[in-house]
There are 2 protein chains.
Amino acid sequence: MGLTKTEMFSELQNEIALYAKVFGHPARVAILQHLFKINTCVCGDLVDEIGLAQPTISQHLKELKHLGLIKGNVEGTSVCYCVDSKNWAKMKEVMFQFLDQDLSKEQCC
Amino acid sequence: MGLTKTEMFSELQNEIALYAKVFGHPARVAILQHLFKINTCVCGDLVDEIGLAQPTISQHLKELKHLGLIKGNVEGTSVCYCVDSKNWAKMKEVMFQFLDQDLSKEQCC
DNA sequence: TTAGTTCATTGCAATATTACGATAAAGATT
DNA sequence: AATCTTTATCGTAATATTGCAATGAACTAA
């Protein structure tokens with residue numbers, strides 16, 4: 001069916017899944033890593049940096065922007081992208097809490 | 001096309017994306033949360049706990065198992081699942097390193 | 001043996017995602 | 001104005017994902 005039944009899950013579960021989904025493609029991971037590496041706005045390097053076509057990159061950027069993880073600033077003809085540090089921190093908190101659960105008790109397996 | 005061009009990306013980028021992808025569905029998030037909450041093996045509660053059909057849960061479990069994040073132990077008629085703490089820790093390290101990049105430098109946006 | 005329980009697998013339909021050519025939009029340059 | 005540069009959007013093809021009914025496999029209980 002391809003249709004996720006979001007209504008069956010808690011808001012937190014859906015939030016985690018949404019964040020994770022956007023990281024679930026290496027192109028978006030690469031985009032973010034580049035933004036972190038440069039650590040300032042990037043205006044167009046991305047298509048050269050990553051090997052995908054311009055419309056494809058644009059689409060991936062859109063998804064990252066839609067979740068609020070990056071911001072885009074129009075600057076003349078080009079657009080400057082950078083990580084939205086405030087929203088990134090929010091996301092990090094949610095994801096850390098999920099990933100950092102402890103496994104103290106013994107396991108039977 | 002729906003076909004990710006994995007060969008264009010680094011091994012780390014693909015690894016991060018694979019982990020993230022498996023967390024990119026609320027059912028799998030819910031399964032993992034339940035396993036953490038119970039903090040021991042679970043033999044069949046999952047279908048009741050989460051509201052999806054048994055084959056659907058089985059499929060999600062398969063994906064989690066395939067990545068090594070959970071283990072399944074056959075115990076008579078039933079199968080006991082639990083988080084594989086060693087592999088979970090490995091995954092955590094990879095994901096933390098990706099998520100925990102700092103944003104010290106000023107941003108222009 | 002027969003029937004019941006539990007989980008995996010198969011097969012399929014519906015939807016989502018990915019990629020990109022073509023094109024549009026908008027500012028910059030000549 | 002005419003052209004160039006840069007990014008977004010549209011349309012479409014290919015592939016992936018999700019969900020479940022039906023069925024199978026394997027052990028248990030009567």
Side-chain angles (χ1 to χ4, degrees), chain A residues 1-9 13-14 17-32 34-35 41-67 70-82 109, chain B residues 1-9 13-14 17-31 34-35 41-67 70-82 108-109:
Chain A
M1 288 182 165
L3 199 160
T4 297
K5 298 190 159 177
T6 56
E7 76 282 359
M8 319 183 60
F9 303 103
Q13 286 163 347
N14 283 311
L18 278 180
Y19 281 136
K21 203 185 214 170
V22 89
F23 298 137
H25 194 288
R28 291 189 290 264
V29 171
I31 287 170
L32 291 164
H34 189 64
L35 289 179
C41 295
V42 153
C43 316
D45 313 8
L46 285 167
V47 175
D48 303 321
E49 184 69 22
I50 301 164
L52 295 168
Q54 180 268 323
T56 309
I57 298 292
S58 187
Q59 195 174 308
H60 285 306
L61 287 168
K62 193 178 173 184
E63 287 172 71
L64 289 166
K65 201 161 57 178
H66 186 251
L67 262 192
I70 64 173
K71 293 189 282 192
N73 246 36
V74 179
E75 196 124 329
T77 343
S78 56
V79 180
C80 287
Y81 282 105
C82 62
C109 306
Chain B
M1 289 182 167
L3 197 161
T4 296
K5 298 188 161 180
T6 55
E7 76 282 359
M8 320 183 58
F9 303 103
Q13 286 162 346
N14 283 310
L18 278 179
Y19 281 136
K21 203 185 215 169
V22 89
F23 299 137
H25 194 289
R28 291 189 291 265
V29 171
I31 287 171
H34 188 64
L35 289 180
C41 295
V42 153
C43 316
D45 313 7
L46 285 167
V47 175
D48 303 321
E49 184 70 22
I50 301 166
L52 295 168
Q54 180 268 323
T56 309
I57 298 291
S58 188
Q59 194 173 308
H60 285 306
L61 287 169
K62 194 178 174 185
E63 287 173 70
L64 289 166
K65 202 160 57 176
H66 186 251
L67 262 191
I70 64 173
K71 293 188 282 190
N73 246 36
V74 179
E75 196 123 327
T77 342
S78 55
V79 179
C80 287
Y81 282 105
C82 62
C108 63
C109 305

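Computed from a predicted structure; not experimentally measured. So you know, we letter chains A, B, ... as the sequences are listed, proteins then strands, and number each from 1.
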> Separation of B:Leu61 atom CG from C:dT9 atom C1', in whole Å?
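So the two atoms are 14 Å apart, to the nearest Å.
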> If you check the B:Ser78 side chain, which of D:dG19, C:dT9, C:dT6 turns out closest?
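Taking heavy atoms from C-beta onward, the closest nucleotide is C:dT6.
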> Using a 4.0 Å heavy-atom cut-off across all strands, classify A:Ser58 as base, sugar-phosphate, or nothing.
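Counting heavy atoms under 4.0 Å across all strands, the contact made by A:Ser58 includes a base.
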> Using a cut-off of less than 4.0 Å, is there contact between a side-chain N or O of A:Tyr81 and OP1 or OP2 of D:dA8?
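Yes, because at least one side-chain N or O of A:Tyr81 sits under 4.0 Å from OP1 or OP2 of D:dA8.
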> Please work out whether the ring planes of B:Phe9 and A:His25 are parallel, tilted or perpendicular, with thresholds of 30° and 60°.
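Correct class here is perpendicular.
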> When you measure from the side chain of B:Arg28 to the backbone of B:Val22, do you find a donor-acceptor pair of N or O atoms at a distance under 3.5 Å?
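Side chain of B:Arg28 to backbone of B:Val22, a donor-acceptor pair under 3.5 Å: yes, one is there.
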> I'd like to know if the side chain of A:Asn73 reaches the main chain of A:Cys80, judged simply by a donor and an acceptor atom lying under 3.5 Å from each other, with no hydrogens or angles considered.
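No.
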> For D:dC20, does OP1 or OP2 lie under 4.0 Å from any side-chain N or O of B:Thr56?
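Yes, B:Thr56 has a side-chain N/O under 4.0 Å of OP1/OP2 on D:dC20.
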> Under 4.0 Å between a side-chain N or O of A:Lys62 and OP1 or OP2 of D:dT7?
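A:Lys62 to D:dT7 OP1/OP2: no side-chain N or O under 4.0 Å.
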> Please state how far atom NE2 in B:His25 lies from atom P in C:dT15, giving the value in whole angstrom units.
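That distance rounds to 15 Å.
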> Quickly work out the A:Ile50 CD1 to C:dA19 C1' distance and round it to whole Å.
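Rounded to whole Å, this separation is 14 Å.
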> Tell me which nucleotide among C:dC20, D:dT17, C:dC7 gets nearest to the side chain of B:Val79.
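So the side chain of B:Val79 is nearest to C:dC7.
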> For the pair made of NZ in B:Lys65 and C1' in C:dT9, what is the distance, rounded to whole Å?
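Taking atom C1' of C:dT9 as the reference, NZ of B:Lys65 is at 12 Å.
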> Determine: side-chain N/O of A:His60 to OP1/OP2 of C:dT17, distance under 4.0 Å, yes or no.
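Answer no for this pair, as no side-chain N or O of A:His60 is under 4.0 Å from OP1 or OP2.
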> In whole Å, what is the span from the CD atom of B:Glu63 to the P atom of D:dT17?
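These atoms are roughly 7 Å apart.
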> I want to confirm an ordering. Mapping A:Gly51 and A:Val74 to their closest nucleotides on DNA chain C, which one lands closer to the 5' end?
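Final value for this comparison: A:Gly51.
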> Rounding to an integer number of Å, can you tell me how far A:Leu52 CG sits from C:dC20 C1'?
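To the nearest whole Å, that distance equals 10 Å.
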> What is the minimum heavy-atom distance between A:Val47 and A:Leu52, and which atoms define it?
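Closest approach of A:Val47 to A:Leu52, heavy atoms only: CG1-O, 3.7 Å.
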> Between B:Gln54 (CD) and D:dT23 (P), how many Å, whole number?
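Spelled out: CD on B:Gln54 to P on D:dT23 is 15 Å.
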> For A:Thr77 and A:Pro55, take the nucleotide of DNA chain D holding the closest heavy atom to each; which residue's nucleotide lies nearer the 5' end?
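Closest to the 5' end, via its nearest nucleotide, is A:Thr77.
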> Atom CE of A:Met8 and atom C1' of D:dC20: how far apart are they, to the nearest Å?
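The distance from CE of A:Met8 to C1' of D:dC20 comes to 12 Å, rounded to the nearest Å.
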> Quick one: does B:Phe23's side chain get under 4.5 Å of A:Lys21's, heavy atoms only?
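Side chain of B:Phe23 against side chain of A:Lys21, heavy atoms only: no contact under 4.5 Å found.
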